[in-house]
J.: 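Dropping a structure here in structure tokens format, bear with me for questions.
Worth saying up front: this structure is predicted, and the values here are computed from it rather than measured. Naming: A, B, ... by sequence-line order, numbering from 1 per chain.
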Protein chains: 4
Amino acid sequence: MGAGAASGAGKAKRMPRAVREQQMLDAAVRIFGRRGYRAASMDEIAEVAGVSKPLVYLYLNSKEELFTAVIRREARALVSAVRAGAEPKAPADARLWAGLRAFFLHTAENPDGWSVLHRQARTHGEPFAAEVTVMREEMVAFVTLLIAAAAREAHSSEPELASRDVGGLAQALVGAAESLADWANATEGVSAKEAAATLMNFAWVGLGKLREGERWMPGGMPGGMLGG
Amino acid sequence: MGAGAASGAGKAKRMPRAVREQQMLDAAVRIFGRRGYRAASMDEIAEVAGVSKPLVYLYLNSKEELFTAVIRREARALVSAVRAGAEPKAPADARLWAGLRAFFLHTAENPDGWSVLHRQARTHGEPFAAEVTVMREEMVAFVTLLIAAAAREAHSSEPELASRDVGGLAQALVGAAESLADWANATEGVSAKEAAATLMNFAWVGLGKLREGERWMPGGMPGGMLGG
Amino acid sequence: MGAGAASGAGKAKRMPRAVREQQMLDAAVRIFGRRGYRAASMDEIAEVAGVSKPLVYLYLNSKEELFTAVIRREARALVSAVRAGAEPKAPADARLWAGLRAFFLHTAENPDGWSVLHRQARTHGEPFAAEVTVMREEMVAFVTLLIAAAAREAHSSEPELASRDVGGLAQALVGAAESLADWANATEGVSAKEAAATLMNFAWVGLGKLREGERWMPGGMPGGMLGG
Amino acid sequence: MGAGAASGAGKAKRMPRAVREQQMLDAAVRIFGRRGYRAASMDEIAEVAGVSKPLVYLYLNSKEELFTAVIRREARALVSAVRAGAEPKAPADARLWAGLRAFFLHTAENPDGWSVLHRQARTHGEPFAAEVTVMREEMVAFVTLLIAAAAREAHSSEPELASRDVGGLAQALVGAAESLADWANATEGVSAKEAAATLMNFAWVGLGKLREGERWMPGGMPGGMLGG
DNA sequence: TATGAATGAGGATTCATTCAT
DNA sequence: AATGAATGAATCCTCATTCAT
């Protein structure tokens with residue numbers, strides 16, 4: 001009780017607000033992530049946090065605000081993780097690779113937080129979905145940026161990819177990443193690195209060819225793009 | 001109101017069980033899709049269905065069974081739609097294209113059903129998630145099959161894609177499709193066809209190159225794959 | 001389907017009212033006896049009776065009336081059984097013995113009916129308890145009569161048992177019989193005859209001595225009645 | 001309303017859990033005893049207890065547990081009352097007499113509790129019946145013990161009563177007592193003491209004679225046991 | 001004679017939230 | 001800084017009962 005903050009789930013009483021708040025958010029992430037917003041009960045959250053219910057209300061006001069706080073904290077953590085991986089001066093492909101690795105690693109290490117962001121928050125009405133949308137747009141913007149950077153680095157003579165195409169591609173990439181994160185979390189023996197590699201290969205190679213002007217078209221060129 | 005049965009959404013009483021059941025499922029898809037499993041109330045479902053609550057219980061037994069019935073009906077409908085698009089004898093790329101188009105069309109036309117399948121069912125515990133997993137695996141299998149078929153049709157001399165790669169790719173593709181479906185649903189002015197095209201381009205081109213042996217590797221070939 | 005009434009649980013349609021009614025009462029005895037009045041559902045009764053619910057209402061009007069009808073039928077059956085055993089001209093002890101035997105036999109053979117009379121009917125409010133009270137009073141009266149008859153037959157010179165005493169004794173006897181019926185029903189290997197013998201021994205012997213003027217008194221005669 | 005805490009059944013708020021719990025149990029005994037398990041509503045119990053329904057659930061968890069708690073409390077109270085009356089060193093007849101008096105007094109003073117134990121608990125399925133069976137067996141054991149003690153005290157030379165006989169007798173006695181308790185409760189002007197005396201006379205005298213070897217037998221000794 | 005379709009009313013249980021200390 | 005005591009408002013589900021045929 002002298003110097004040093006208590007950490008862990010001990011039954012320490014009378015600790016500073018900031019610490020208590022984090023304990024509550026930790027508990028909330030866990031419960032919300034596992035049970036979902038509606039099924040999570042303030043009772044259980046308070047119990048897991050090791051405090052009384054009124055204290056949760058004193059600090060976080062309501063279930064809705066608590067959930068929002070959780071979403072924000074987790075979103076910030078994920079975005080930070082992804083950003084932290086990418087050195088600003090590295091080439092675009094290296095940055096994408098680093099970002100993907102960080103993404104899969106973070107989601108694998110924080111399954112409850114990932115569940116809150118990817119499943120729960122988007123599943124329950126407007127106050128929350130918006131919160132995640134903001135984060136997702138940051139992600140999409142990040143990827144869009146990298147695609148553009150890649151194009152610049154290639155200083156190719158081919159026409160730019162239309163910005164609408166870029167938007168769709170970024171969406172698809174982020175969606176694929178999200179889906180793979182779930183898959184990696186659920187599938188025994190699929191590591192974050194493998195998931196990242198799978199996606200990177202797929203994305204980068206396809207992206208390159210697209211830039212070279214190849215397209216698939218209904219009716220297709222005979223022999224198709226698969227032909228040798 | 002003389003002769004002739006009322007048809008349409010009117011307040012007709014006393015209709016055969018099968019009909020009433022579909023009305024209930026329609027209402028349930030809507031409410032579950034918009035509110036989520038927990039937040040949806042049997043009261044509201046009954047009201048929207050235009051019947052009393054006891055009748056809902058008489059026919060569908062419990063909230064859980066009702067939700068399961070909804071999931072099954074919607075899953076079946078989606079799978080059928082996707083399958084219906086693809087002529088069995090067409091080349092693999094045409095079949096994938098048709099499947100994607102059907103997928104985006106169906107999800108766009110049945111946003112509530114899509115929400116139930118993609119968001120709600122997977123968000124709430126084991127009885128339901130499993131139900132969707134079955135469907136999703138059907139989808140992944142379908143895509144995996146097409147990738148393999150594409151390879152065969154190309155009768156190229158290059159080595160087969162490793163089956164692990166194929167698994168990851170199929171996952172990524174399905175995930176990207178799911179994500180794009182949400183995006184198309186939420187974004188004004190993005191049609192199902194465009195979404196399908198974006199993904200098809202991305203997927204098919206990348207796939208072709210992958211089969212040709214191109215890979216992205218950490219550390220990368222200088223100049224990257226984007227270079228001309 | 002030709003001549004002869006269908007009996008048993010078959011699915012015969014269109015049978016005379018009297019028969020259908022008995023089927024319903026049979027089902028009702030069973031369900032009421034096992035579940036209790038409140039827990040028994042008209043649904044289950046109708047199902048066990050092999051008819052639709054509206055028919056039960058058509059014939060028996062309401063749950064309350066149905067239960068009353070059941071009580072009456074079972075009460076009548078039990079009283080008849082007890083009376084049937086006792087030849088009017090036999091000596092009092094023989095008649096009591098015969099009555100007891102019949103009682104224990106009937107309750108053993110109709111556990112559901114006995115449950116309805118002894119447990120369920122008396123447990124649920126006034127309309128029903130009264131119904132059983134009538135029957136019980138008949139029983140008590142029967143026993144009272146026998147005690148009196150026994151006294152007459154003994155044409156002893158000792159003073160009559162006070163009528164209040166007789167009342168209490170009859171109550172005690174009937175109560176003991178009821179209790180033993182439950183015990184015999186619940187205890188593996190205790191036959192109706194044994195139960196009857198136990199009670200008869202106990203009752204008749206005690207009765208005899210009481211008539212002879214022996215009494216137990218607080219403070220007791222030293223050595224007590226047990227002394228040799 | 002000035003200084004001083006309100007005591008009694010007033011609408012005092014905020015009292016310690018233990019107190020509130022007893023109030024709830026008091027209310028529950030009353031409602032369960034009068035209406036029966038199924039017909040009793042948690043709403044009414046809460047109202048009679050002077051609290052809100054959620055508080056009842058907070059403290060007693062469910063209707064089932066509440067009923068069980070009630071049964072246990074009442075059973076314990078009855079057994080204690082019966083035991084308290086009997087001085088361990090007194091002769092067997094005095095102990096039986098004291099026990100009977102206490103029994104009839106307690107049941108007369110707690111008709112709702114007695115109803116719960118004797119009627120309601122035994123009428124509704126297994127979780128509850130078992131609870132009472134335990135208590136009843138304690139009673140039977142108590143009586144059995146006294147019969148045996150009586151035999152010892154008499155140190156007579158006659159053969160012991162067979163243990164099976166003793167079992168049946170104890171059952172009959174307890175059953176008779178239960179039945180008389182109902183009768184005394186229902187009949188204006190029958191006091192606990194009178195009920196006890198009636199039974200004591202009947203039981204003790206009969207018991208004595210039985211020990212002396214008298215028996216009633218089918219076919220009987222001519223003239224019967226009633227004869228002088 | 002017989003039933004498929006339908007409901008009003010009520011009951012157990014849970015939950016987010018607030019007082020009073 | 002922290003909590004034991006307490007509740008209004010839903011929510012799921014069941015049941016006795018009735019129409020219309």
Side-chain angles (χ1 to χ4, degrees), chain A residues 12-17 19-20 38-46 50-66, chain B residues 12-21 38-46 50-66, chain C residues 12-17 19-20 38-46 50-66, chain D residues 12-21 38-46 50-66:
Chain A
K13 301 249 156 175
R14 305 248 154 198
M15 47 181 66
R17 172 161 182 159
V19 177
R20 272 274 193 261
R38 294 286 300 220
S41 91
M42 294 298 273
D43 261 304
E44 194 180 1
I45 291 173
V51 296
S52 71
K53 237 188 316 174
L55 200 59
V56 178
Y57 278 88
L58 189 61
Y59 287 173
L60 288 138
N61 304 317
S62 74
K63 196 184 190 185
E64 209 168 311
E65 283 188 38
L66 172 56
Chain B
K13 301 255 155 176
R14 297 257 147 193
M15 44 184 67
R17 173 169 181 154
V19 176
R20 273 280 191 256
E21 257 182 38
R38 297 285 302 225
S41 94
M42 295 298 272
D43 259 305
E44 194 181 1
I45 291 174
V51 297
S52 70
K53 229 186 326 172
L55 201 58
V56 179
Y57 278 91
L58 189 61
Y59 287 171
L60 287 138
N61 304 319
S62 72
K63 196 183 189 183
E64 207 167 312
E65 282 189 39
L66 172 55
Chain C
K13 301 249 158 177
R14 305 249 153 198
M15 46 181 65
R17 171 161 183 157
V19 177
R20 273 274 193 257
R38 294 286 302 219
S41 90
M42 296 298 273
D43 260 303
E44 193 180 1
I45 291 173
V51 297
S52 71
K53 237 186 319 174
L55 200 59
V56 178
Y57 278 88
L58 189 61
Y59 286 173
L60 288 138
N61 304 318
S62 73
K63 195 184 190 183
E64 209 169 310
E65 282 188 40
L66 172 56
Chain D
K13 301 255 154 174
R14 295 249 150 199
M15 45 182 68
R17 172 167 181 157
V19 176
R20 272 280 193 258
E21 257 183 38
R38 296 287 301 225
S41 93
M42 294 299 272
D43 260 304
E44 193 180 2
I45 291 174
V51 296
S52 70
K53 233 187 321 173
L55 201 59
V56 179
Y57 278 90
L58 189 61
Y59 287 172
L60 288 138
N61 304 319
S62 72
K63 197 183 190 183
E64 205 168 314
E65 281 189 40
L66 172 56

J.: Starting from P on E/dG4, measure out to CE on B/M15 and report it in whole angstrom.
T.: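 Going from CE in B/M15 over to P in E/dG4 covers 18 Å.
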
J.: Where the side chain of A/Y59 is defined as all heavy atoms beyond and including C-beta, which of F/dA5, F/dA1, E/dA12 is the nearest nucleotide?
T.: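 Shortest atom-to-atom distance from the side chain points to F/dA1.
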
J.: In whole angstroms, how far is the P atom of E/dT14 from the NZ atom of A/K63?
T.: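 Answer to the nearest Å: 15 Å.
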
J.: Enumerate, atom names and distances included, each donor-acceptor pair closer than 3.5 Å involving a side-chain atom of residues 52-61 of chain B, sequence neighbours excluded.
T.:
{"residue": "B/K53", "atom": "NZ", "partner": "B/D43", "partner atom": "OD2", "Å": "3.4"}
{"residue": "B/N61", "atom": "ND2", "partner": "B/E65", "partner atom": "OE1", "Å": "2.7"}

J.: Send over the distance from B/L55 CG to E/dG8 C1', rounded to a whole Å.
T.: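 Distance, rounded to whole Å: 14 Å.
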
J.: Do any N or O atoms of the protein come closer than 3.5 Å to N or O atoms of nucleotides 18-21 of chain F, and which pairs are they?
T.:
{"residue": "F/dC19", "atom": "O2", "partner": "B/R14", "partner atom": "NH1", "Å": "2.8"}
{"residue": "F/dC19", "atom": "O2", "partner": "B/R14", "partner atom": "NH2", "Å": "2.9"}

J.: Could you check how far CG of B/L66 sits from C1' of F/dC13, rounded to whole Å?
T.: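 Taking atom C1' of F/dC13 as the reference, CG of B/L66 is at 13 Å.
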
J.: Quick one: list whatever passes salt bridge (Lys or Arg N to Asp or Glu O under 4.0 Å) with A/E44, sequence neighbours left out.
T.: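 For A/E44 the salt bridge (Lys or Arg N to Asp or Glu O under 4.0 Å) partners, ignoring immediate neighbours, are A/R35.
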
J.: Using whole Å, report how far CE of D/M42 lies from P of F/dA9.
T.: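 So the two atoms are 20 Å apart, to the nearest Å.
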
J.: Can you tell me how far C1' of F/dG8 sits from CG of D/L58, to the nearest Å?
T.: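 For the pair D/L58 CG and F/dG8 C1', the rounded distance is 15 Å.
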
J.: Find the distance A/I45:CD1 to E/dC15:P and express it as a whole number of Å.
T.: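 It works out to 11 Å between those atoms.
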
J.: Name all residues meeting the side chain to side chain contact (heavy atoms under 4.5 Å, CB included) criterion together with B/K63; count only those two or more places apart in sequence or in a different chain, and write none if there are none.
T.: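 Expected list: B/F32, B/Y37, B/M42.
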
J.: More 5' along DNA chain E: C/S52 or D/A40, using each one's nearest nucleotide?
T.: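 Its nearest nucleotide being more 5', the pick is C/S52.
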
J.: If only side-chain N and O atoms of D/R20 are considered, is one of them under 4.0 Å from the OP1 or OP2 phosphate oxygen of F/dA6?
T.: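 Answer is yes, contact under 4.0 Å.
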
J.: Heavy-atom nearest nucleotide on DNA chain E for D/R38 versus C/P16: which residue maps closer to 5'?
T.: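 The 5'-side residue here is C/P16.
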
J.: Which is true for A/R17 with a 4.0 Å heavy-atom rule: it touches a base, it touches only sugar-phosphate, or it touches nothing?
T.: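 Result for A/R17 = nothing.
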
J.: What would the secondary structure line of DNA chain F be in dot-bracket form, counting Watson-Crick and G-U wobble pairs under 3.5 Å, with [ ] for pairs that cross earlier ones and | for pairs with another strand?
T.: .||||||||||||||||||||

J.: The criterion is salt bridge (Lys or Arg N to Asp or Glu O under 4.0 Å); which residues satisfy it with D/E21, sequence neighbours excluded?
T.: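 Partners of D/E21 by the salt bridge (Lys or Arg N to Asp or Glu O under 4.0 Å) criterion, ordered by chain and then number, come out as D/R17.
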
J.: Find the distance D/E44:CD to E/dG10:C1' and express it as a whole number of Å.
T.: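 It works out to 13 Å between those atoms.
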
J.: Considering only side-chain heavy atoms of B/S41, which listed nucleotide, E/dA16, F/dT11, E/dA6, is closest?
T.: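 The answer is F/dT11, which lies nearest to the side chain.
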
